[in-house]
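Notes follow the structure.
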Amino acid sequence: MIAAAILFAIAALGGIVMALIRFSGRDYPPAFLAVIHGVFAAAGIVTLLVAALAPGVALSIRIALILFVGAAIGGFSLVYFHAKSRPLPISYIVIHGLVAVIAFIILIVGIMSRTPAT
């Protein structure tokens, strides 16, 4: 789960940069940055999925996974606008980012609340 958190943190850095690019007035960020963001986020989802399927995993981890999948769906909608060379809707960016941030916070809380192995 820590590996997933690291992957999501890297994806978040790219997401912040892309949001700042859009908020600065550009219609969309460079495609390579969107791809890197998506690759790290997808790797985080796969890593978290493997961990979340293990028996005895906290419900918060599974909730974080569901929210990250929701954020990914929102990310795919942003890719659609990017592929059509249309300005990315700021409301989509904000919702996508907020869902991902909430999922990340829940993931971190879930990781930190685990009882250490004895």
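- Contact record, Ala64 with Ala103: CB-O, 3.5 Å, taken as the closest heavy-atom pair.
- Heavy atoms only, all atoms of each residue included: Ala11 and His37 are closest at O-ND1, 2.7 Å.
- By the criterion of side-chain heavy atoms lying less than 4.5 angstrom apart, applied directly or through intervening Ile, Leu, Val, Met, Phe, Trp or Tyr residues, Ile16 is not grouped with Phe23; the two fall into different hydrophobic clusters.
- Closest approach of Met1 and Ala51 over heavy atoms only: CG-CB, 3.6 Å.
- To the nearest 0.5 Å, atoms CZ (Arg62) and CG (Leu48) are separated by 10.5 Å.
- Note: the hydrophobic cluster containing Tyr80 also contains Ile93 (ILVMFWY, side chain heavy atoms under 4.5 Å, direct or indirect links).
- Looking at residues two or more places apart in sequence or on another chain, you find a ring pair (Phe, Tyr, Trp, His ring centres under 6.0 Å) between Phe81 and Tyr92.
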Q) Yes or no on side chain to side chain contact (heavy atoms under 4.5 Å, CB included) for Ile106 and Phe68, after CA distance, side-chain angles and deciding distance? A) CA-CA 10 Å; Ile106 292 171; Phe68 276 124; over 6 Å; no
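- With rounding to the nearest 0.5 angstrom, the CD1 atom of Ile111 is 5.5 Å from the CD1 atom of Ile61.
- A distance of 12.5 Å separates CD1 of Ile2 from OG1 of Thr47, quoted to the nearest 0.5 Å.
- Clustering ILVMFWY residues whenever any of their side-chain heavy atoms sit less than 4.5 angstrom apart, transitively, puts Leu59 in the very cluster that holds Leu67.
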Q: Apply side chain to side chain contact (heavy atoms under 4.5 Å, CB included) to Ile45 and Phe8, showing your working.
A: CA-CA 8 Å; Ile45 287 175; Phe8 286 127; 3.9 Å; yes
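- For Tyr28, the ring pair (Phe, Tyr, Trp, His ring centres under 6.0 Å) criterion is met by His82, not counting sequence neighbours.
- In plain terms, the two heavy atoms of Leu65 and Ala52 that are nearest each other are CD2-CB, 3.9 Å.
- Interatomic distance, Asp27 CG to Leu88 CG, rounded to the nearest 0.5 Å: 8.0 Å.
- Ile36 contributes atom CD1, which lies 11.0 Å from atom CD1 of Ile10 (distance to the nearest 0.5 angstrom).
- By the criterion of side-chain heavy atoms lying less than 4.5 angstrom apart, applied directly or through intervening Ile, Leu, Val, Met, Phe, Trp or Tyr residues, Val94 is grouped together with Leu78 in one hydrophobic cluster.
- Minimum heavy-atom separation, Ser60 to Gly110: OG-CA, 3.3 Å.
- Within the model, atoms CD1 of Ile63 and CD1 of Ile102 stand 12.5 Å from one another, a figure rounded to the nearest 0.5 Å.
- Nearest heavy atom pair, residue Ile21 against residue Pro30, reads CD1-CD, 3.9 Å.
- By the criterion of side-chain heavy atoms lying less than 4.5 angstrom apart, applied directly or through intervening Ile, Leu, Val, Met, Phe, Trp or Tyr residues, Ile108 is grouped together with Val57 in one hydrophobic cluster.
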